[in-house]
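Here is the naming used below: chain letters follow the sequence lines, and residue numbers restart at 1 for every chain.
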Amino acid sequence: MNTLDKTYNPALFEKEVYQNALESFSPTGIGRAFVILMPPPNVTGRLHVGHALTYTLQDILVRYYRQSGFDTLWQPGIDHAGIATQMVVSKKLEADGVNVESLSREELVKAIWKWKEESGGEIFEQQKALGCSAPWHLSRFTMDEEFCKAVNEVFVTLYKGGLIFRSKRLVNWDTKFKTAISDLEIQTREEKGTLWYIKYKILESNEFVTVATTRPETMFGDMAIAVHPEDDRYRHIVGKMASIPYTDRIIPVISDEHADMTKGTGCVKITPAHDYDDFAVGKRHGLDMITVLDEEGHMMPEYVPEFLKGLYLKKARKILVEKFKEDDLLVKEEEILHFVPYGDRSGTVIEPRLTNQWFLNAKELSEDAIKVVENGEVKFYPEKWKNTYFDWMKNIEPWCISRQIVWGHRIPAWYGPNGEIFVERSEEEAIIEAEKFGIKKDRLRQETDVLDTWFSSALWPFVTLGWPKATKELEKYYPTSTLVTGFDIIFFWVARMIMMSLYFMKRIPFQDIYIHALVRDDKGQKMSKSKGNVIDPLEMMNEFGTDALRFTLASLSTPGRDIRLGKEQIKINRNFITKIWNAARFLQSKGIFDKGLSKLIITSKLGNWIVAKLKKIQAEINQNIRDYRFDYAAKNIQFFLREEFCDFFIEALKFQEDEDIKNIAGSVFAEFLKISNPFIPFVTDHLSKVLDICDVLVLRPDMDLGLLQISEKQEKEVDDFVELIHNIRSEKHINGVDSEKYLLLRSRLDNWEGELKRFIGIVR
RNA sequence: GGUCGCAUAGCUCAGUUGGUAGAGCACUACGUUCACAUCGUAGUUGUCACAGGUUCGAGUCCUGUUGCGACCACCA
């Protein structure tokens with residue numbers, strides 16, 4: 001046993017504590033399982049405060065259950081993060097002077113792998129610094145070989161089961177990354193825009209029909225003008241033809257309920273290839289579709305007048321509007337507020353675009369996924385999130401799972417020369433299938449699209465455990481116990497894991513879903529680089545110690561409420577940890593740990609009291625952790641140590657230094673270290689090692705004290721004594737030592753017999 | 001437009017089945033007594049957003065209003 005340093009300096013021991021504990025993070029294979037899937041961070045990720053929160057809460061659960069004798073698996077890993085990673089690496093390559101556009105697919109993929117091997121997964125080290133007690137040797141990467149095989153297996157199974165299909169549809173098109181993205185990857189922002197009222201000439205008449213649009217450049221893809229069937233203003237032109245300005249194309253005026261008499265002029269242009277509603281109208285009326293924007297958002301030549309060809313859509317829009325003005329085709333311009341979709345990664349306006357894509361029929365998968373939440377097999381904490389889940393699930397649309405990028409799982413589909421499609425687990429199998437149709441292997445071309453990153457993430461609960469092989473890990477650790485994550489990925493990830501898991505495993509992937517808060521700054525603002533209000537968890541860990549950050553995050557985790565995190569709060573909690581440190585120093589200075597702790601015997605009211613309080617707080621903390629009330633549990637820890645252990649018990653101890661009470665002090669403190677270890681693992685582990693008192697990682701918290709008999713009567717006596725002392729102090733403060741009441745209260749101390757009376761000194 | 005949430009001390013927030021409003025920070029006073037001034041002791045601070053209703057009793061349950069936030073939603 002070494003003497004504790006006078007000051008608490010976490011930097012001196014955190015690394016060592018973590019290294020020494022590493023081995024204990026592996027599942028033991030013995031006992032009931034407790035399993036958490038660590039939400040895999042992006043391979044490009046760097047620890048931000050949101051990560052710090054989610055990993056802290058998970059680590060608390062994992063450490064708690066491990067300590068309680070469960071066979072604990074916290075499954076770590078990282079995600080290949082398709083678009084994000086391709087973007088990061090491409091930028092880096094460009095910065096190094098490489099022309100990414102000129103690289104072949106194979107070259108770019110190779111470059112990204114190289115980057116991944118050299119600099120990917122930096123976040124692992126940061127997770128370790130945070131104290132995450134995960135078995136890192138079991139880490140999975142969504143693009144590792146076995147994972148890729150599993151993804152193919154899933155894709156092929158779903159395709160052959162009729163749940164995946166290829167179709168030419170309108171999708172959300174990102175003109176910056178030149179790929180389709182899913183509905184979820186869009187952020188709509190409200191902004192100012194202009195509504196232009198444009199005249200179309202009606203043929204064989206002198207009339208014009210005016211339509212309003214915010215996107216005039218798409219007019220060259222117009223296939224009709226629609227008016228409401230009951231709109232008397234326009235009844236007479238239904239069935240006539242209108243001409244699209246600057247082109248020789250003419251389009252019919254049709255009658256359709258989609259046209260809203262109260263909006264715009266009541267006439268609406270129908271552009272099926274560039275608008276979701278118009279697409280539906282087009283289908284109803286058997287209209288053709290004409291695409292006028294290319295993959296980068298430039299005007300395509302075929303149907304567009306000469307003066308706009310090849311222009312980027314925004315420029316084309318500007319020139320076109322000028323032209324309208326010149327030619328008196330613009331009736332009016334109106335400033336409006338409207339919602340515009342942006343790509344959440346690219347930040348560019350998303351255009352609906354008609355392309356061939358792969359879709360997953362999520363509707364069919366959603367039915368069971370809804371059921372398991374309805375019947376309580378899968379529970380949300382806080383419960384309100386299940387409404388969010390149902391809302392989305394019950395209105396789910398086909399999921400566009402193909403992406404036109406190179407970094408990801410390439411879709412295992414091969415095309416024959418006449419558009420035949422072979423979806424197989426491998427190229428070899430595709431060749432065999434193709435040959436049955438007389439197609440030679442050199443005529444086969446593999447699909448170039450890759451899968452949406454979330455497609456593979458959705459498989460995380462079972463593929464990490466070895467699926468499709470029937471492994472003993474799957475047997476033991478599936479389904480997992482609790483999923484801890486933020487509300488922002490309920491749709492992206494949680495819902496899809498439930499759907500995929502139910503389909504492939506026939507069982508739920510996890511029982512509980514704990515949805516934690518969003519971390520904001522101390523003024524309630526969302527943290528963002530541009531606002532400069534970002535709190536870097538690594539900096540906080542350096543400045544105040546990792547335990548202080550963890551304890552702060554846990555104690556602020558009130559369910560259903562966002563967290564406002566300021567440096568000040570972390571400092572306050574650092575002070576609390578310093579308090580623990582100093583309590584340890586005091587006990588050590590009393591020689592309490594010198595000969596090790598011996599079996600507990602309660603021989604005094606004071607000893608009975610502190611053990612009773614410890615047992616109570618322990619039971620509360622257990623319950624609170626099981627209820628995911630990390631905030632309560634943190635407050636329990638703080639209350640016990642400060643109010644009960646330090647402020648009364650230790651003070652009283654100073655007046656009753658017999659061996660029994662000293663032994664109780666040591667044992668109670670040791671238990672306290674165990675109980676609080678999941679929250680503040682570094683300082684508790686370090687203290688237990690230096691003082692050589694217990695193994696906080698292994699021993700179950702209640703092992704020593706569980707059987708001790710407590711006298712409630714004696715506990716109450718001490719409670720009364722504590723209260724009396726409080727009253728005496730208060731009276732002394734208000735009315736002074738000469739007041740009658742003070743003297744009266746003071747005289748009551750005489751009623752206390754024996755040992756308690758000896759604490760009289762603490763009244764002073 | 002739809003859905004969900006939030007409003008309690010100067011600030012940040014607890015308040016689990018209705019039963020005399022709590023904590024931390026801040027502030028005030030005192031205190032360096034054998035762990036700790038990164039501390040201790042004591043103290044001050046409330047129309048529980050507003051208006052109704054249910055009840056013996058409402059911060060808590062119900063209805064409505066206001067303010068704020070989040071998510072979802074066909075860009076005429």
Classify N395(A) by what it touches in the nucleic acid, base, sugar-phosphate, or nothing, heavy-atom distance under 4.0 Å. nothing
Selection residues 574-584 of chain A - residue pairs positive for side chain to side chain donor-acceptor pair (under 3.5 Å), sequence neighbours left out: N582(A)-R585(A)
Tell me what T7(A) touches on the nucleic acid: a base, only sugar-phosphate, or nothing, going by heavy atoms under 4.0 Å. nothing
Y342(A): what forms a ring pair (Phe, Tyr, Trp, His ring centres under 6.0 Å) with it, not counting sequence neighbours? none
Output the rounded distance in Å from NZ (K394(A)) to C1' (A73(B)). 18 Å
Pick base, sugar-phosphate or nothing for V268(A), based on heavy-atom distances below 4.0 Å to the nucleic acid. base
Paired runs of 3 or more consecutive Watson-Crick or G-U pairs involving RNA chain B, with both pairing distances under 3.5 Å, are B:1-7 with B:66-72, B:10-13 with B:22-25, B:27-31 with B:39-43, B:49-53 with B:61-65
What are the residues of residues 251-258 of chain A, sorted by number, that bring a heavy atom to within less than 4.0 Å of RNA chain B? H258(A)
Produce the list of close N/O pairs, under 3.5 Å, pairing protein atoms with atoms of nucleotides 26-29 of chain B; give distances to one decimal.
none

Heteroatom pairs (N/O) under 3.5 angstrom, protein to nucleotides 35-37 of chain B:
{"residue": "A35(B)", "atom": "OP2", "partner": "K654(A)", "partner atom": "NZ", "Å": "3.3"}
{"residue": "A35(B)", "atom": "O2'", "partner": "R585(A)", "partner atom": "NH1", "Å": "3.1"}
{"residue": "A35(B)", "atom": "N6", "partner": "E651(A)", "partner atom": "OE2", "Å": "3.1"}
{"residue": "A35(B)", "atom": "N3", "partner": "N582(A)", "partner atom": "O", "Å": "3.3"}
{"residue": "A35(B)", "atom": "N3", "partner": "A583(A)", "partner atom": "N", "Å": "3.4"}
{"residue": "C36(B)", "atom": "O4'", "partner": "N582(A)", "partner atom": "ND2", "Å": "3.3"}
{"residue": "C36(B)", "atom": "O2'", "partner": "N582(A)", "partner atom": "ND2", "Å": "3.2"}
{"residue": "C36(B)", "atom": "O2", "partner": "K579(A)", "partner atom": "NZ", "Å": "2.7"}
{"residue": "C36(B)", "atom": "N3", "partner": "K579(A)", "partner atom": "NZ", "Å": "3.2"}

With C1' as the reference atom in both, quote the distance from G15(B) to U33(B) in angstrom, rounded to an integer. 37 Å
So, is the end of the K654(A) side chain (NZ or CZ) under 6.0 Å from the ring centre of F586(A) and within 45° of the ring's axis? yes
Lys NZ or Arg CZ of R746(A) over Y742(A) ring: under 6.0 Å, within 45°: no
